[in-house]
Amino acid sequence: MPSDYENYENPKKKNPLTSPAFRKYFRVSMVAIIVILVFMLLIWLAGARQSNIPDDIDFIQLEEPDDDNPVVIFETSIGTMSAVLYPDEAPEYCEYFMALVDSGYYDGSYVCAVVDGVYALGGTLDPDPNVEAEGSDLSGIEAEISDNLWPLKGSMASFVGTTGIWPFQKNCAGSTFFFINDIADAYMDEDALRRSYGDELGSVYAEYGGIPNFSRKYTIFAQIYDGWDVYEALMATEVLDTYQPAEDIVLERVYITTYGEAPAEVYGIPVDETSEEETVSEETDAE
């Protein structure tokens, strides 16, 4: 027969999962897990949607300008390109840029760098991107950020550095400028762009190309609208290790006129062919 000891049940031997200590630990743990999950969600949302992207955008770069709208003509050593200017969106910089053009500052200047076909840097007085030529205009104008101008393919932006002390630094524009082209297709997935930049802007980036991560950082002041063959040749030019073109690309003559005096046969930014092919493929699959 079993002894009394063997039949004895210790009243202190209880299920640990039902103890007050465990319940308290469980509640604290759940609160911590929820806090972590919320924090991770906030991080994901911050990374997914860029800040300060408006939901309603007037894409004036896609609209044919009025006849009296100022344009800048670049007669270069590889051909001629035309760009419409936006003085209503970047008034201070456009006034500064147009004054430099009228003074002849850019005549004989260079495209000093072409970086991976993504953008080109122009308006320098020396063909070497590492040389600051005597007589260079070193003005710095605080960046003018417009809700209606974006770094789409063919846009022009200026960035020369920052002013102020971190974290209050501000980007500045100056005499040099970027010709913005397009980044690799891997970075231009439409779904990812729409998550990051909203449906409207994300779709436009996917269709026309550009450099999305330049958004709302630099002064965008112009948009190429004519001479796209020259533009493509510029972006495809052979470069040295310093990104300097192997053969000088000279801005032989730069001048201001109006769109009425220098209209495009067909105004617009060429649609990204890869995006167009994918759209046609998706429509075919759907059928």
Side-chain angles (χ1 to χ4, degrees), residues 60-67 69-87 89-90 93-94 97-98 100-125 127 129 149-159 173 175-183 208-211 214 218-239 243-273:
I60 59 176
Q61 291 157 274
L62 306 180
E63 301 170 359
E64 186 166 14
D66 296 331
D67 283 350
N69 207 119
V71 300
V72 56
I73 310 296
F74 297 97
E75 295 181 356
T76 81
S77 54
I78 61 172
T80 299
M81 301 179 293
S82 305
V84 58
L85 297 167
Y86 300 105
E89 305 294 327
Y93 186 79
C94 282
F97 174 78
M98 292 168 70
L100 286 179
V101 171
D102 289 339
S103 73
Y105 177 83
Y106 291 115
D107 295 346
S109 63
Y110 298 88
V111 174
C112 69
V114 179
V115 180
D116 300 329
V118 175
Y119 63 82
L121 180 63
T124 59
L125 301 189
L149 295 176
W150 301 91
L152 305 178
K153 180 175 181 176
S155 60
M156 294 180 61
S158 180
F159 172 67
S175 59
T176 59
F177 45 79
F178 292 119
F179 292 105
I180 291 174
N181 193 34
D182 197 11
I183 57 178
Y208 295 99
I211 308 181
F214 278 12
Y218 311 132
T219 298
I220 297 172
F221 65 96
Q223 173 67 51
I224 296 289
Y225 68 87
D226 201 18
W228 286 106
D229 56 336
V230 178
Y231 197 81
E232 297 291 355
L234 167 64
M235 294 302 168
T237 193
E238 182 182 352
V239 298
Y243 297 112
Q244 179 181 342
E247 294 186 11
D248 288 349
I249 298 177
V250 184
L251 306 180
E252 296 172 341
R253 182 182 177 222
V254 182
Y255 63 95
I256 302 293
T257 182
T258 63
Y259 185 74
E261 294 294 326
E265 194 170 309
V266 177
Y267 181 87
I269 305 172
V271 173
D272 182 76
E273 293 180 0

Other residues, nucleotides, ligands: >12 heavy atoms within 6.0 Å of F159 CZ: yes
Checklist entry - For E64, does the CD atom have more than 12 heavy-atom neighbours from other residues, nucleotides or ligands under 6.0 Å away? => result yes
- Under 4.5 Å between any side-chain heavy atoms of L149 and I60, yes or no? yes
Rounding to 0.5 Å, atoms CD1 (I256) and CD (E261) come to a distance of 13.5 Å
Can you tell if the side chain of M156 reaches within under 4.5 Å of the side chain of F178, non-hydrogen atoms only?
-> no
For the residue pair Y259 and Y225, is the inter-centroid distance of their aromatic rings smaller than 6.0 Å?
yes
- Quick check, are the ring centers of F177 and Y93 under 6.0 angstrom apart? no
Value for CG (D229) from CE (M81), rounded to nearest 0.5 Å, stands at 10.0 Å
Rounding to 0.5 Å, atoms CG (D107) and CD (E252) come to a distance of 10.0 Å
Between Y267 and P65, the two heavy atoms sitting closest are CE1-CD, 3.5 Å
Any side-chain heavy-atom pair from D67 and T258 closer than 4.5 angstrom?
no
> Would L234 and T76 count as a side-chain contact (heavy atoms from CB on, under 4.5 Å) if you check the C-alpha gap in whole Å, the side-chain angles of each, and the deciding distance to 0.1 Å?
Replying inline: CA-CA 10 Å; L234 167 64; T76 81; over 6 Å; no
### Message
Using side-chain heavy atoms (C-beta onward) and a distance below 4.5 Å, is Y208 in contact with W150?
### Response
no
Expected output: side-chain S155 to main-chain I180 donor-acceptor under 3.5 Å:
no
Smallest heavy-atom separation, A262 atom then V71 atom, equals CB-CG2, 4.4 Å
G154 and Q223 have their tightest heavy-atom pair at C-NE2, 3.2 Å
### Query
Is any side-chain heavy atom of P245 closer than 4.5 Å to a side-chain heavy atom of Y110?
no
CG of N181 to OH of Y231, rounded to nearest 0.5 Å, is 5.0 Å
Note: V254 and L251 closest approach over all heavy atoms is CG2-CB, 4.0 Å
All heavy atoms of S175 vs all of Y105, minimum pair found to be OG-OH, 3.6 Å
Output for pair (I73 CD1, D226 CG), nearest 0.5 Å, gives 8.0 Å
query = Ignoring hydrogens and geometry, is there a side-chain-to-backbone donor-acceptor pair from W228 to G268 under 3.5 Å?
reply = yes
I'd like to know whether CZ of F214 has more than 12 heavy-atom contacts from other residues, nucleotides or ligands below 6.0 angstrom.
yes
- Query: Should the ring pair Y106 and F97 be called parallel, tilted or perpendicular, given that the plane angle runs from 0 to 90° and is split at 30 and 60?
  - Reply: tilted
**Asked** Does the side chain of L152 reach to within under 4.5 Å of the side chain of L62, using non-hydrogen atoms?
**Response** yes
Looking only at heavy atoms, the pair that brings M98 and L85 closest together is CG-CD1, 3.9 Å
Rounded to the nearest 0.5 angstrom, the NZ-CD1 distance for K153 and I269 is 9.5 Å
